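Notes follow the structure.
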Protein chains: 2
Amino acid sequence: MEKTDTAPRPDRKSPSWTQDPEGVRRSILEAARIEFVEHGLSGARVDEIAAKTATSKRMIYYYFGDKEGLYRAVIEEMYDRIRRFERGLDLGALPPDEAMAKLAGFTFDYHADNPDFVRMVMIENIHHARHLATSTKIATLNLSIIDVIREIYEGGVAAGLFRPGLEALDIHLTISALSFYNVSNRASIRQVFGHDMGAPDILPQRRQTAIDTVMRMLRH
Amino acid sequence: MEKTDTAPRPDRKSPSWTQDPEGVRRSILEAARIEFVEHGLSGARVDEIAAKTATSKRMIYYYFGDKEGLYRAVIEEMYDRIRRFERGLDLGALPPDEAMAKLAGFTFDYHADNPDFVRMVMIENIHHARHLATSTKIATLNLSIIDVIREIYEGGVAAGLFRPGLEALDIHLTISALSFYNVSNRASIRQVFGHDMGAPDILPQRRQTAIDTVMRMLRH
DNA sequence: GACCAAATGAACCAACTGGTACAATTTACC
DNA sequence: GGTAAATTGTACCAGTTGGTTCATTTGGTC
């Protein structure tokens, strides 16, 4: 996302192709993300990914071993991103209630703006999070968001703003659920109820409802 | 579900097999449900469904046309069930706050008790609810749950129990989100946070939190 | 008990799909 | 400019998969 540029170094002679491992890797990962997000793990076709790529199927297997290895790489990349997002939150300076409302809003927006992430998490859950379990990268980190929430929440309780007795995880799950569901179930909601929760004239209201709901959950 | 019994009529001679269209249909549908729920539409294998069935692959195509036809039939059956559940709710006699709390609890329980339904809805959303759209059966009904909620909500507003200005759909989506998410994302939540939301010692607390959250959303 | 539509069985197949064998080319490094 | 390791291209394949062909059996009807 930051720099999509493949950066082909200036070539002296005139090689039929230029080596660019990192560029190839990124190109494959992006094509794979698009394909997996759209069709799931079993629905995705390696040949289709290869076709979307600047390079060939051969490279996919060279860099990622097999289809699942590629899928795992896509998952890891997405979790990396949301972790960076969570780390990037800077709410320390705000009073607890404002911090929590802002956190809920940010979380809602992140989901609304990244349906690919939401779909990938759905797909991974269909597979019982088997690949999350396998991944060595993902096992190591996380939980930072829970710490953030706990800190804000305890500050809020100390300040008399929030009622005591709640679990940080419970708060996080509530925020997540209210942020995730509109995106993950957008298609079926639209079919069944005729409302498109992603439409620009509906989303803001749903966003406000989500934030309000979280704040009402916390206050006395 | 009601009577699994295949009812082989008493045979006169000794036929190598007994005709039983309804039994065969049901047997196929059940096998298909299990397979689709576990592996999704593209991940499911028709041969595997056939193997789980008392009959042969031939019959699947005889009764359901093709793989997607079978999938659609499974989806329709599940939506039939939840519609029956929603219709079966009898909350009219209760005061609005109790009715709403009970509805939230029932909805939560239905999701917790029917992970197959939840997974199927996830899978269908991965496919952009394309099959819900195609299905003629599903297009005709639904919305009853929204009416139920609206009635309760307006009663609550009239009685001064609930704050005005909310949409019935918004209330339903909040209840659904809080009921759906724990089940749909159970695997990834467990991987990332180490908590199994389906565990019998955790589920009741989450249930109570969900109900509380809904009620706090409604009250003044 | 003859007849026919509905229901079922068993083997088969063409297309697809993940993955590979075999080289060829490029680049870093001396 | 020679050498080896890293990187890429091309053609190919064996197993799988959704779907079908062809023949047979069953059960109701007259």
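Computed from a predicted structure; not experimentally measured. Quick note on labels: first sequence line is chain A, next is B, and so on, each numbered from 1.
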Whole-Å distance between [N] [atom2] and [X] [atom1]?
{"X": "A:Met59", "N": "C:dA24", "atom1": "CE", "atom2": "P", "answer": "16 Å"}
{"X": "B:Tyr62", "N": "D:dT24", "atom1": "OH", "atom2": "P", "answer": "18 Å"}
{"X": "A:Phe64", "N": "C:dG18", "atom1": "CZ", "atom2": "C1'", "answer": "16 Å"}
{"X": "A:Ile60", "N": "C:dT17", "atom1": "CD1", "atom2": "P", "answer": "14 Å"}
{"X": "A:Leu70", "N": "C:dG19", "atom1": "CG", "atom2": "C1'", "answer": "14 Å"}

Can you establish whether the number of heavy atoms outside B:Lys52 located under 6.0 Å from its atom NZ is more than 12?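 Yes, the 6.0 Å shell around NZ holds more than 12 heavy atoms from other groups.
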Start with the C-alpha distance between B:Asp147 and B:Arg150, add both sets of side-chain angles, then the distance that settles salt bridge (charged side-chain N to carboxylate O under 4.0 Å, His left out), and finish with yes or no. CA-CA 5 Å; B:Asp147 294 333; B:Arg150 185 178 299 114; 3.2 Å; yes
Write down the protein N/O and nucleotide N/O pairs, taken from nucleotides 18-21 of chain D, whose separation is under 3.5 Å; answer none if there are no such pairs.
| unit_1 | atom_1 | unit_2 | atom_2 | d |
| --- | --- | --- | --- | --- |
| D:dG18 | OP1 | B:Ala44 | O | 3.1 |
| D:dG18 | OP1 | B:Arg45 | NH1 | 3.1 |
| D:dG18 | OP1 | B:Lys67 | NZ | 3.1 |
| D:dG18 | OP2 | B:Val46 | N | 3.0 |
| D:dG18 | N7 | B:Lys57 | NZ | 3.4 |
| D:dG19 | OP2 | B:Tyr61 | OH | 3.3 |
| D:dG19 | OP2 | B:Lys67 | N | 3.0 |
| D:dG19 | N7 | B:Lys57 | NZ | 2.9 |
| D:dG19 | O6 | B:Lys57 | NZ | 2.4 |
| D:dT21 | O4 | B:Arg58 | NE | 3.3 |

For C:dT8, does either OP1 or OP2 sit under 4.0 Å from a side-chain N or O belonging to B:Ser56?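 Checking B:Ser56 against C:dT8: no side-chain N or O falls below 4.0 Å of OP1 or OP2.
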Derivation and outcome, side-chain contact (heavy atoms from CB on, under 4.5 Å), residues B:Val121 and B:Tyr79: CA-CA 9 Å; B:Val121 174; B:Tyr79 269 85; 4.0 Å; yes
Atom [atom1] of [X] and atom [atom2] of [Y]: how far apart are they, to the nearest 0.5 Å?
{"X": "B:Leu89", "Y": "B:Leu103", "atom1": "CG", "atom2": "CG", "value": "6.0 Å"}
{"X": "B:Thr213", "Y": "B:Arg206", "atom1": "OG1", "atom2": "CZ", "value": "6.5 Å"}
{"X": "A:Leu173", "Y": "A:Leu178", "atom1": "CG", "atom2": "CG", "value": "10.5 Å"}

